[in-house]
Each structure stands twice: as structure tokens, then as C-alpha cells.
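Naming convention: chains lettered A, B, ... in sequence-line order (proteins, then strands); numbering from 1 in each chain.
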Protein chains: 2
Amino acid sequence: MNIGQASKASGVNAKMIRYYESIGLIPAAGRTPAGYRVYTDAEVNTLRFIHRARQFGFPMERIRLLVGLWRAHQPSREVKQVALKHMAELERRIVELTAMRDALKELADHCRGDHQPECPILRDLAGSKTPGAAAQAA
Amino acid sequence: MNIGQASKASGVNAKMIRYYESIGLIPAAGRTPAGYRVYTDAEVNTLRFIHRARQFGFPMERIRLLVGLWRAHQPSREVKQVALKHMAELERRIVELTAMRDALKELADHCRGDHQPECPILRDLAGSKTPGAAAQAA
DNA sequence: ATGGGGATTCCCATCGTTGTAAGGTCAAGG
DNA sequence: CCTTGACCTTACAACGATGGGAATCCCCAT
């Protein structure tokens, strides 16, 4: 199996496969005499694992951890701990973005959006010393 | 006003002020004979505007746009349009992250988290061909 | 043998921010 | 006058993960 086939089978872009190898997330693949990378089913499984973990938003370093736990059949406590930590970070980010969206919505809702330059959004950006002013007004 | 004072007054890191200048987001500041950058109150206001826009998560290119609209007293319609586009992107990201968190929570909730290696999280990462399997099972 | 598709390596760009290194400048105090 | 420390200057690199492209090479089929 060469890198193109491994890519299709795992869902991981060929370019990314080489990158994962370069950062040591996966061991260096075998090579044909001509220098082409060769992948076994087991290696494709690992790539699929990584791909799926990326879909969950896990950062590479945590994926490195997860792959290690997986291959070494470590206690599920360890795995769960990593997952919970990631979920907490997702949650943090969600809260952040939601706050941005809501604050912005508050301003946009009061913006006429017509031909006149007067605009609560610009007023807030330009002048607000107290970031919560819009929310407080709401 | 030198860059340190402008930084404190605007909330924008001095390093970032130089960066914003380098990418043309703000015009090059005046200089003292010794080469120190000098800032007026108006320039600090612009920096504060940028700082606030960053807090709303606006990417630089959109901030460049907003600063332009602001300074040229353009119709609020333009401003609102930019804000709405950004809100839509925030929303997209929120939905993405929420889906990740929920799917992960579903798996973590069913993980014993004990000394045994058996773990729904790893099972999903390793084997799921259908990304929605966990959600469907729920 | 020729062509096309796929492989290789290497470099560059993203986006916003931070860090570091090596220097110049200013103001205060001994 | 000299030192000290805080501040400024430029320039370069790194981050995380990915995409793009160039130049070259390999394999297979016609």
C-alpha cells in the first residue's frame, strides 16, 4: 500500500501523513527500493485513529498521548482523563465564542443598517472603556 | 507618547503595535530624532478600536475594513454587514465545537474510567467508520 | 519510448502572537 | 562622568496544522 492508497483508506491527506511522520507522531514507514513509502493495514488503522481524533478537535500532542494509551492498552481512566481535559477546553472556547457572538448580536440588533454612518457597533469599538457596557445595556 | 505608553493606553501590546504598522493596518507612526515611535491621542484611539475588535474575534482583514468604514464615516449598513458576516462565522465555529463536545461527552459518559483498558472513546477512535455512530447510539 | 499520474523532497505561506538576541537611548543617581 | 536599569529599535524564529507549488523521480500502460 503506497501513501495515496493509505491516504484514501484512512482519510488523512498524503501531505499530512508525511507531516505526522516528520514530527514523530507515527513511526517512519517502510520504503520500496525506489523510496516510496509503504503502509500496512495496522499503520492505516493508526492513521484512521488520528484522523478521527482530529475530527474531535484533539490537538496533536494529545493525540500523541491517546495513540500511546491505545497501543499500550492502558487503563481507561487515563483515556477518559485526556478526553475530559479536551472537553473542558472545547467548553472554554465555546463560552468565549458565544460571548463574542452575543455581545456582537446585541450591538448589531441596535444598528439601523441604513445609509447613515451612526452605528452602535462602531460606537462600541471606538469608545467603550467598559467591555460589558453593551451587555449591561441589554 | 511613546510606544509603551500607547500600549498601556490602548491595551495593545507594543509588539503588536509594531506588527500592525508592518502590515499596514495602521500608518507608520512619527519618530523622535532617536528613532522612537511617537503616538497621538487619535492614533491611540485607533489602537483601542483595533484592540476591542480583536476581543470580538474579528480577523485582521475585517478589522482593516472596519477601521476604514469608521474613519470614512461610511453607512452603518456596511458596518452591520461586516459584523453579521463575522457573527455567522462565530456561529459556525460554535456549532462545530459544540458537536465535538457533545459527541465526546457521549463517549466519555459511557467510559468506566477505571483500571481496565476497555474504553468507548478508544473504540470509537479506532474503529468507527460512521462518524455519527456515537450520536446515533445516544 | 512516451505520456500521465503518482511519488519524493524542499521551501514558502497562512494567522496572530510571543520569544529571543543584539543593539541604541533616556533619565536618575553615585 | 559613568553606571544602571528601563525602555526603545530591528530582525529572526517559533508556534499548530495545513495547503501550495517547484523540481525531480518512478511506475505502468500504450
Checklist line | Flag, side chain of Arg52(B) to backbone of Ala126(A), donor-acceptor distance under 3.5 Å | finding: no

Item checked: side-chain hydrogen bond (donor to acceptor under 3.5 Å, both in side chains) contacts in which one or both residues fall within residues 94-105 of chain B, not counting sequence neighbours -> Glu91(A)-Arg101(B), Arg93(B)-Glu96(B), Lys105(B)-Asp109(B)

Item checked: Considering all heavy atoms, the nearest Asn45(A)-Trp70(A) contact -> O-CH2, 4.1 Å

Item checked: Closest heavy-atom pair and its distance - Phe56(B), Leu90(B) -> O-CD1, 4.1 Å

Notebook entry, point to check: If you fit an axis to the five pairs at each end of the helix from dA1(C)-dT30(D) to dG30(C)-dC1(D), how big is the angle between those two axes, to 10 degrees?
Noted result: 40°

Check: Mind checking what makes ring-ring contact (aromatic ring centres under 6.0 Å, His included) contact with His51(B), not counting sequence neighbours?
Finding: none

Margin query: For Arg64(A) versus Leu25(A), what's the shortest heavy-atom pair and its separation?
Written below: CA-CD1, 3.6 Å

Next item on the list: Check whether any side-chain N or O of His110(B) sits under 3.5 Å from a backbone N or O of Glu106(B) as a donor-acceptor pair, and report yes or no.
Entry: yes

Notebook entry, point to check: Do Phe58(A) and Leu65(A) have side-chain heavy atoms sitting under 4.5 Å apart?
Noted result: no

Notebook entry, point to check: Counting only side-chain N and O atoms of Arg31(A), is one of them less than 4.0 Å from OP1 or OP2 of dT9(C)?
Noted result: yes

Notebook entry, point to check: 5'-most contact on DNA chain C: Arg54(B) or Ala34(B), nearest heavy atom basis?
Noted result: Arg54(B)

Notebook entry, point to check: Taking any atom under 4.0 angstrom from a heavy atom of chain B, which nucleotides of DNA chain D are the first and last to qualify, 5' to 3'?
Noted result: dC7(D) to dA11(D)

Next item on the list: Tell me which residues in residues 4-28 of chain A put a heavy atom below 4.0 Å from DNA chain C, sorted by number, or none.
Entry: Gly4(A), Arg18(A)

Return a table of donor-acceptor pairs under 3.5 angstrom between the side chains of residues 113-121 of chain B and protein atoms on other chains or two or more places apart.
from	atom 1	to	atom 2	distance (Å)
Asp114(B)	OD1	Ser76(A)	OG	3.2
Asp114(B)	OD1	Gln116(B)	N	3.0
Asp114(B)	OD2	Arg112(B)	NE	3.4
Asp114(B)	OD2	Arg112(B)	NH2	2.9
Glu118(B)	OE2	Arg123(B)	NH2	2.9

Next item on the list: Evaluate the criterion salt bridge (charged side-chain N to carboxylate O under 4.0 Å, His left out) for residue pair Glu43(A) and Arg37(A); output intermediate values, then yes/no.
Entry: CA-CA 12 Å; Glu43(A) 287 167 322; Arg37(A) 287 177 180 78; over 6 Å; no

